[in-house]
Amino acid sequence: MKLSTLFVKTQKQDPSGEESINAKLLIRWGFVYKEMAGVYTFLPLWLRVLHKIENIIRKHINTVWTELLMTALSPEESWVRTGRLETIDVLMKTSGANEISRNKSTNEYVLNCTHEDMITPIVKSYVNSYKDLPVHAYQIQNKFRNEARAKSGILRGREFRMKDLYSFHATEEDFEQYYDHMKTVYADIFEELGIGDQTYVTLASGWDFTKRYSHEFQTVCSVGEDIIYTDKASKMAINQEVWNDETKALFPDAQWEETTASEVGNIFPLETKFTKATDFTFVDADDTKKHPIMGSYGIGPSRVMWVIVEIFNDAKWIIRPKNIAPFEYVIIAIGDRWLEEATKLYDTLVAKWLDVCIDDRNMGPWAKFADAELIGYPTQIIIGNKTLEQWMSCEVVDRATGEKELKKIADLSL
Ligand code: ATP
Ligand code: MG
């Protein structure tokens, strides 16, 4: 990307009406555009950050299963069938009719807030026998929830991103094994996203799906909306909603500490709630008909982005983890004089598929340096003035350590 083509500009002042630091920073620096409370457009640089986070999630999930994309819109019947039309308070409903439409039909639709109710009939149509199981399917998609109070930027959005995975099993053992496996996959994902140390596997309510607990992945952070009790040694936690003698007894040696946290992921045993509701059976090895056992596994990538910024940002450096910076390298050309040389290097590195952008905007070097520091490109390649003139060199600066190195441009192009 040539930054001169980026239409987004940084603003001089903090936006009004935002209470969280991250929302203020991200709006001001042209990462997000606020449509309304809890609804934000991802501007180009921020979209790259989102894609990097989602691709890290994909990489770990794809080692095991496949991705699909379900519809965001569904017929109301899908929710009537599972009995959830009346029970989910955040469900967003919409009607197909409008004032000028010739189609005055009274079709009612739902903007999906989760997809158990959609995936179950899809899988049902392909599964007949125990030999067809297990099935696992996931997607990454926008979800809609009419949250009463959309706060802290998109920490709690009304439209937000979710990676949702669903699994269907013939036996309880197979489900258990997969569920435990997902705990380790999730731990790996949060580790790679740089929030492993702050993220706790947390016992939480199984709601009306199961008498067992569900497991949340809670990241300790001051803007988090949940209260959890953490035990540092075991990296386990208990959500306040199930904090009682029964749960405490499961960890007799724990040293509990109360803290606020944000739920970045949640895995859920669903038993046969949805397969029964949709009349989904398979023929088992002993020729009897059974309902598959189901689990669901969610992560909120847009919430994860927000949490990462909230944890690591300071006024001079917004996106700290290297692997989610919008670009790995930024080439900064100082003045028009060096633009041609800088653009040549940029073209060479792009051709090598490096994750690189060039700051070819018509502005002074200090403003470019400040932006590069703030956005947090891990490596800056600065081309200009004396260094180039004398040795055809550039200065390579490490954002994290501040170390500078003179390198021959010809060597970087190799
Ligand atoms: P919360 O308790 O925060 O309302 P939830 O338990 O209702 O979340 P799940 O249905 O478990 O959420 O959704 C899976 C994941 O999607 C959550 O762990 C979270 O990371 C993310 N998520 C849920 N609701 C929102 C939201 N309103 N905005 C952004 N991310 C969300
Ligand atoms: Mg949850």
Side-chain angles (χ1 to χ4, degrees), residues 15 17-20 22-23 26-27 32-42 46 50 69-99 101 105-120 139-166 204-209 214 216 218 223-227 239-241 260-266 268 270 273-274 277 296-307 310:
E18 285 294 341
E19 47 189 74
S20 78
N22 61 41
L26 294 174
I27 291 175
V32 297
Y33 178 87
K34 185 174 186 173
E35 203 59 54
M36 58 180 176
V39 181
Y40 292 80
T41 287
F42 290 75
W46 194 232
L50 178 75
L69 182 61
M70 284 180 266
T71 61
L73 197 64
S74 62
E76 208 181 55
E77 300 92 85
S78 302
W79 298 85
V80 172
R81 186 169 49 213
T82 54
R84 298 218 288 178
L85 192 69
E86 304 301 330
T87 57
I88 300 185
D89 59 344
V90 294
L91 201 69
M92 285 208 200
K93 289 196 256 174
T94 175
S95 148
N98 69 43
E99 289 303 314
S101 167
S105 74
T106 51
N107 284 349
E108 295 291 331
Y109 306 106
V110 169
L111 284 166
N112 298 329
C113 62
T114 180
H115 278 76
E116 285 85 0
D117 310 67
M118 275 80 243
I119 189 72
T120 316
Q139 64 171 352
I140 301 182
Q141 201 202 37
N142 286 17
K143 298 277 193 269
F144 301 86
R145 291 187 185 182
N146 199 7
E147 303 279 2
R149 194 162 131 63
K151 70 173 262 193
S152 306
I154 39 175
L155 209 57
R156 177 167 303 286
R158 295 200 166 102
E159 177 176 352
F160 60 95
R161 301 286 286 174
M162 197 198 287
K163 184 285 295 172
D164 43 329
L165 163 70
Y166 306 92
S205 164
W207 301 110
D208 59 347
F209 303 118
S214 77
E216 293 172 343
Q218 291 274 5
V223 293
E225 295 173 288
D226 289 357
I227 293 182
N239 192 313
Q240 191 184 41
E241 69 195 14
T260 54
S262 180
E263 181 197 314
V264 288
N266 197 182
F268 238 103
L270 298 175
K273 162 144 177 121
F274 292 94
S296 72
Y297 316 80
I299 293 182
S302 49
R303 183 178 284 179
V304 167
M305 292 166 85
W306 226 248
V307 165
E310 192 65 45

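None of the values given here were measured: they were computed from a predicted structure.
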Within-4.5 Å side-chain heavy-atom neighbours: Val264 and Ile299
no
For the pair Trp306 and Val32, evaluate side chain to side chain contact (heavy atoms under 4.5 Å, CB included) and give the outcome as yes or no after the intermediate values.
CA-CA 11 Å; Trp306 226 248; Val32 297; 4.2 Å; yes
What I'd like to find out is whether the side chain of Gln240 reaches to under 4.5 Å of the side chain of Asp226, using heavy atoms alone.
no
Ile227 side, atom CD1; Gln218 side, atom CD - distance, nearest 0.5 Å:
11.0 Å
Can you list the residues that meet the side chain to side chain contact (heavy atoms under 4.5 Å, CB included) rule with Glu147, with sequence neighbours excluded?
Val90, Arg145, Arg156
Quick check against the 3.5 Å criterion: does Tyr40 have a side-chain atom that pairs as donor or acceptor with the backbone of Ile27?
no
Could you grab the distance from atom CZ of Phe42 to atom CG of Leu26, nearest 0.5 Å is fine?
10.0 Å
Donor-acceptor check, side chain of Arg81 to backbone of Ala277, threshold 3.5 angstrom: yes or no?
no
Can you tell me if His115 uses its side chain to pair, donor with acceptor, with the backbone of Thr71 under 3.5 Å?
yes
Relative to the ring of Phe268, is the ring of Phe209 parallel (under 30°), tilted (30 to 60°) or perpendicular (over 60°)?
perpendicular
Please report the shortest heavy-atom distance between Ala37 and Arg158, naming the atom on each side.
O-NH1, 3.1 Å
Atom pair CG/CG of Leu91 and Asp117 - distance to nearest 0.5 Å:
8.5 Å
Does the Glu116 side chain pair with the main chain of Ser296, one donor and one acceptor, at a distance under 3.5 Å?
no
Please report the C-alpha distance between Met92 and Tyr109 in whole Å, then the side-chain angles of each, then the deciding distance to 0.1 Å, and finally whether the side chain to side chain contact (heavy atoms under 4.5 Å, CB included) criterion is met.
CA-CA 9 Å; Met92 285 208 200; Tyr109 306 106; over 6 Å; no
One pair to check against side chain to side chain contact (heavy atoms under 4.5 Å, CB included): Glu263 and Asn239. What are the steps and the verdict?
CA-CA 10 Å; Glu263 181 197 314; Asn239 192 313; 5.8 Å; no
To the nearest 0.5 angstrom, please state how far the CE atom of Met162 sits from the CZ atom of Phe160.
4.0 Å
Val110 vs Ser78, side chain to side chain contact (heavy atoms under 4.5 Å, CB included): CA-CA, chis, key distance, verdict:
CA-CA 9 Å; Val110 169; Ser78 302; over 6 Å; no
Indicate yes or no: at least one non-hydrogen side-chain atom of Trp79 is less than 4.5 angstrom from one of Glu86.
no
Would you indicate whether the side-chain heavy atoms of Glu159 and Leu111 approach each other to under 4.5 Å?
no
Rounded to the nearest 0.5 Å, how far apart are CD1 of Ile119 and CG of Leu165?
9.5 Å
What verdict does the side chain to side chain donor-acceptor pair (under 3.5 Å) test give for Ser214 and Trp207, after you've listed the backbone C-alpha separation in whole Å, the side-chain angles of each residue and the deciding distance to 0.1 Å?
CA-CA 8 Å; Ser214 77; Trp207 301 110; 5.7 Å; no
Show, in sequence, the C-alpha distance, side-chain angles and deciding distance for Asn112 and Ser74, and conclude whether the side chain to side chain donor-acceptor pair (under 3.5 Å) test is met.
CA-CA 7 Å; Asn112 298 329; Ser74 62; 2.6 Å; yes
Do Ser262 and Arg303 make a side-chain contact, defined as non-hydrogen atoms from C-beta onward lying under 4.5 Å apart?
yes
Close side-chain approach of Thr114 and Tyr166, heavy atoms under 4.5 Å:
yes
Does Lys93 reach the side chain of Leu85, with side-chain heavy atoms less than 4.5 Å apart?
yes
May I ask you to test the Arg161-Met305 pair for a side-chain heavy-atom distance under 4.5 Å?
no
Report yes or no: does Lys143 contribute a side-chain atom to a donor-acceptor pair with the main-chain N or O of Lys163 at less than 3.5 Å?
no
